[in-house]
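Working notes for the structure below.
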Amino acid sequence: MGYAGLSAERLTRAGAELADEAGFEQVTLSALARRFEVKVASLYSHVKNSQDLRTRIALLALEELADRAADALAGRAGKDALTAFANVFRDYAREHPGRYASARLRLDHETAAASAAVRHSRMTRAILRGYDLTEPDQTHAVRLMGSVVHGYVDLELAGGFSHSAPDSQESWSRVLDALDALLRNWPQT
């Protein structure tokens, strides 16, 4: 019997909070047991191991991001949709850096297929329909968008843009303008 009040959901949320405070790589069952002042063995009736806990945190983050993105995209198209979608990721990363890192955890195929990652893919492709891209260019554009948004956000979170002018917000706006222009003028093969 586990510690009264513990559940897989409660442990996942506490693990997500720990990830935001200390970094996703610091999330272990030992760290969580210390947080609840219980022995690690008490957690095994709720989660299998640290990897299971990390996967649960990743799934939580993907769900939270998908919900935010869906709200932000409602009624938007083109550059407006692109900007709203990118801002969701940037804002979430600033608010929840550990969860944001967890959302990029490599999931096995079955887990990924049943996760909110599928919603992310659909929303990204819906944004790209506004740019009239067909396959395989649409897949290339999905990869480009992910690279630009996640790359920028990762560098910004690491402090990479904090030591020089112009301000990071100005660069972010220009990067999204450039991405929009590229998507509108996708090179023909």
Indicate the atoms forming the closest heavy-atom contact of Ala31 with Leu18, along with that distance. CB-CD2, 3.7 Å
Grab the two heavy atoms, one from Asn49 and one from Tyr44, that are nearest each other, plus how far apart they are. CA-CE2, 4.3 Å
Note: Ile57 and Ala16 closest approach over all heavy atoms is CD1-N, 3.7 Å
Heavy-atom side-chain contact between Ser102 and Leu62 under 4.5 Å: no
Tell me, yes or no, whether the heavy-atom count around Asp177 atom CG, taken from other residues, nucleotides or ligands under 6.0 Å, exceeds 12. yes
First locate atom CG of Leu82, then atom CG of Leu176, and finally report the distance between them rounded to the nearest 0.5 Å. 6.0 Å
For Arg99 and Ala19, indicate whether the former's side chain and the latter's backbone hold a donor-acceptor pair under 3.5 Å. no
Answer with yes or no whether the side chains of Arg125 and Thr139 bring together a donor and an acceptor at under 3.5 Å. yes
Give the C-alpha distance, both sets of side-chain angles, the deciding distance and a yes or no for side chain to side chain contact (heavy atoms under 4.5 Å, CB included) between Glu21 and Gln26. CA-CA 9 Å; Glu21 294 164 12; Gln26 301 302 315; over 6 Å; no
Got a salt bridge between Asp67 and Arg119, using NZ or NE/NH1/NH2 to carboxylate O under 4.0 Å? yes
Lys79 and Asp180: which non-hydrogen atoms are nearest, and at how many Å? CB-OD1, 3.4 Å
From Leu60 CG over to His96 NE2, what is the distance, rounded to the nearest 0.5 angstrom? 9.0 Å
Heavy-atom side-chain contact between Leu73 and Val88 under 4.5 Å: no
Heavy-atom closest pair, residues Leu59 and Ser115: CD2-CB, 3.4 Å
To the nearest 0.5 angstrom, please state how far the NE2 atom of His140 sits from the CG atom of Leu133. 10.5 Å
So, do Tyr100 and Glu95 sit near enough that their side-chain heavy atoms are less than 4.5 Å apart? no
Inspect the contact between Arg68 and Glu63 and indicate whether a charged nitrogen and a carboxylate oxygen are less than 4.0 angstrom apart. no
Does any non-hydrogen side-chain atom of Pro166 lie less than 4.5 Å from one of Ser171? yes
Mind checking whether Thr28 and Val40 have side chains closer than 4.5 Å, heavy atoms only? no
Where at least one partner belongs to residues 161-189, residue pairs that pass ring pair (Phe, Tyr, Trp, His ring centres under 6.0 Å), sequence neighbours excluded: Tyr152-Phe161, Tyr152-Trp172
Compare all side-chain heavy atoms of Glu17 with those of Arg35 and state whether any distance is below 4.5 angstrom. yes
For a quick check under 3.5 Å, do Arg56 and Gln51 share a side-chain donor-acceptor pair by atom type? no
For residues Phe85 and Thr124, report the shortest heavy-atom separation together with the two atoms involved. CZ-OG1, 3.3 Å
If you count heavy atoms of other groups shown closer than 6.0 angstrom to CD of Glu110, is the number above 12? no
Would you check if Asp154 and Arg104 make a side-chain contact, meaning some heavy-atom pair closer than 4.5 Å? yes
Do Leu157 and Val27 share a hydrophobic cluster (ILVMFWY, side-chain heavy atoms under 4.5 Å, transitive)? no
Under 3.5 Å, is there a donor-acceptor pair between the side chain of Ser121 and the main chain of Ala117? no
Would Gln169 and Arg174 count as a side chain to side chain donor-acceptor pair (under 3.5 Å) if you check the C-alpha gap in whole Å, the side-chain angles of each, and the deciding distance to 0.1 Å? CA-CA 9 Å; Gln169 179 59 45; Arg174 296 289 291 149; over 6 Å; no
Separation between CG of Leu128 and CG of Asp137, rounded to the nearest 0.5 Å: 10.5 Å
How long is the straight-line distance from OG of Ser50 back to CG of Leu32, given to the nearest 0.5 Å? 8.5 Å
So, Thr55 and Asp52: side-chain donor and acceptor under 3.5 Å apart, yes or no? no
Please test His120 against Phe89 for side chain to side chain contact (heavy atoms under 4.5 Å, CB included), starting from the C-alpha separation and ending with a verdict. CA-CA 11 Å; His120 288 274; Phe89 283 88; 3.5 Å; yes
Between the CE atom in Met145 and the CG atom in Leu179, the distance rounded to the nearest 0.5 Å is 6.5 Å
Whether over 12 other heavy atoms sit under 6.0 Å from Glu9 CD: no
Quick check: is Val118 connected to Val142 through a chain of hydrophobic side chains (ILVMFWY, heavy atoms under 4.5 Å apart)? no
Is there a side chain to side chain contact (heavy atoms under 4.5 Å, CB included) between Ser30 and Lys39? Walk through the geometry before answering. CA-CA 8 Å; Ser30 297; Lys39 294 183 187 217; over 6 Å; no
